[in-house]
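Report on the structure given below.
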Amino acid sequence: MRRWKNPRIKAVRNFIEVCGDKPLRDITRDDLLDFREWWWDRIEAENLTPNSGNKDLGHLSQILKVVNEKKRLGLDLGSILGDLTFADDEKRKRPPFSSEWIRTKPLAPTALSGLNTEARCVVLAMVNTGARPSEITTLNETTIHLDCDTPHIEIKSDGRKVKSRRANRIIPLVGVSLEALKECPQGFVRYFDNAGVFGTINGYFDENKLRETPAHSLYSLRHSFEDRMLKAGIDYRIRKDLMGQRLSGEDYGEGASLDQAAKLLKPITF
């Protein structure tokens, strides 16, 4: 019974986290599309399979249909529940924000002032680190290093933060990302191990026209960081080390030191 109930409880909690707790008759097609979009971000950010999102979408649809029928609510759910699931081979990569967009939109004075402190600092922390949102929100006082010659964050495997050996890494803190971690030196208690940060930030980006195109999202900041390193001619090995990505060939050498990496990033820092 518990194994049957828990996935359905999780699906409803996730939906409420993204769309709010509302009467069934007030749920709209846009709510379901927002929930699907939120799952797309999680699938990419956490390296999940499409099936991870399909489970939530399927459980939520089933719950709505059963309650509608048993309570005889007479809701037209067909118009809001159709074509939500992801194909097994469906893949998508978010486009990067352009440097000009980052500088003039999300980094414009007061552009992020409507976000709570932790959500705002997650955005800023991503700008110059390229870290995944789930990696940033699980940082704490033991993995945020500010009182040293080269401030940095440490992404360490603890069963939640990383998906592969390569994802364990150290990233120097520079520019607005350094200032953001100074505001949250103990980490992100509000969003620790909580996917709600995606909905909060992407919703704010929608409301304040901070998406460069409809295809852009919070995760586009990670792709922008990678894109800027590539355009700056930063060595392939160093780029992959900082992004926590697999190399196309075998590892060679030890890569750049923390201080060297920080110096390479400064020209592309906001």
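Heavy-atom basis, side chains included; hydrogens, waters and symmetry copies ignored. This structure is a prediction, so every number in the text was calculated from the model and none was measured.
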| field | With I16 via side-chain contact (heavy atoms from CB on, under 4.5 Å) - residues at least two apart | value | V12, D21
Please name the pair of heavy atoms, one in [X] and one in [Y], separated by the smallest distance, quoted to 0.1 Å.
| X | Y | result |
| --- | --- | --- |
| M243 | R222 | O-NH2, 3.0 Å |
| P106 | L210 | N-CD2, 4.1 Å |
| T150 | A262 | CG2-CB, 3.9 Å |
| M126 | P133 | SD-CG, 3.8 Å |

| task | Check step by step if side chain to side chain donor-acceptor pair (under 3.5 Å) holds for R239 and Y236. | result | CA-CA 5 Å; R239 298 199 314 268; Y236 170 82; over 6 Å; no
Less than 4.0 angstrom from a charged side-chain N to a carboxylate O is my criterion; do [X] and [Y] meet it?
| X | Y | answer |
| --- | --- | --- |
| K156 | E135 | no |
| K231 | D227 | yes |
| K10 | D56 | yes |

| request: Sorted by first residue and then second, give each side-chain hydrogen bond (donor to acceptor under 3.5 Å, both in side chains) pair with at least one member in residues 108-130; sequence neighbours left out. | output: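 For residues 108-130: N116-Y191, R120-E183, N128-R228.
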| query | Sequence neighbours excluded, which residues qualify as side chain to side chain donor-acceptor pair (under 3.5 Å) partners of D34? | reply |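 By the side chain to side chain donor-acceptor pair (under 3.5 Å) rule, D34 matches no residue at all.
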| query | Looking at residues at least two apart in the chain, or sitting in another chain, which of them share a side chain to side chain donor-acceptor pair (under 3.5 Å) with N202? | reply |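 Per chain and number, N202 pairs via side chain to side chain donor-acceptor pair (under 3.5 Å) with D41.
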| request: Kindly state whether the ring of W39 and the ring of F86 have centres lying under 6.0 angstrom apart. | output: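 No, too far apart.
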Considering only residues two or more places apart or on different chains, which pairs with a residue in [range] satisfy salt bridge (Lys or Arg N to Asp or Glu O under 4.0 Å)?
| range | value |
| --- | --- |
| residues 202-211 | E37-R211, D206-R211 |
| residues 66-82 | none |
| residues 256-270 | D259-K263 |

| task | List for me each residue that meets salt bridge (charged side-chain N to carboxylate O under 4.0 Å, His left out) alongside E141, sequence neighbours excluded, and say none if there are none. | result |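 Per chain and number, E141 pairs via salt bridge (charged side-chain N to carboxylate O under 4.0 Å, His left out) with no residue.
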| query | Excluding sequence neighbours, so at least two apart, what forms salt bridge (charged side-chain N to carboxylate O under 4.0 Å, His left out) with K65? | reply | none
| query | In chain order, what residues pass the ring pair (Phe, Tyr, Trp, His ring centres under 6.0 Å) check against F15, with sequence neighbours excluded? | reply | F35
| field | Listed partners of H216 passing ring pair (Phe, Tyr, Trp, His ring centres under 6.0 Å), at least two apart | value |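 By the ring pair (Phe, Tyr, Trp, His ring centres under 6.0 Å) rule, H216 matches F97.
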| field | Other cluster members, I170 - Ile/Leu/Val/Met/Phe/Trp/Tyr, side-chain contacts below 4.5 Å | value |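 ILVMFWY cluster around I170 also holds L258.
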| query | So, E212 versus S220: side-chain donor-acceptor pair below 3.5 Å or not? | reply |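 No.
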| said: Applying the side chain to side chain contact (heavy atoms under 4.5 Å, CB included) criterion to F188, which one of N140, T138, V197, V122 satisfies it? | reply: V122
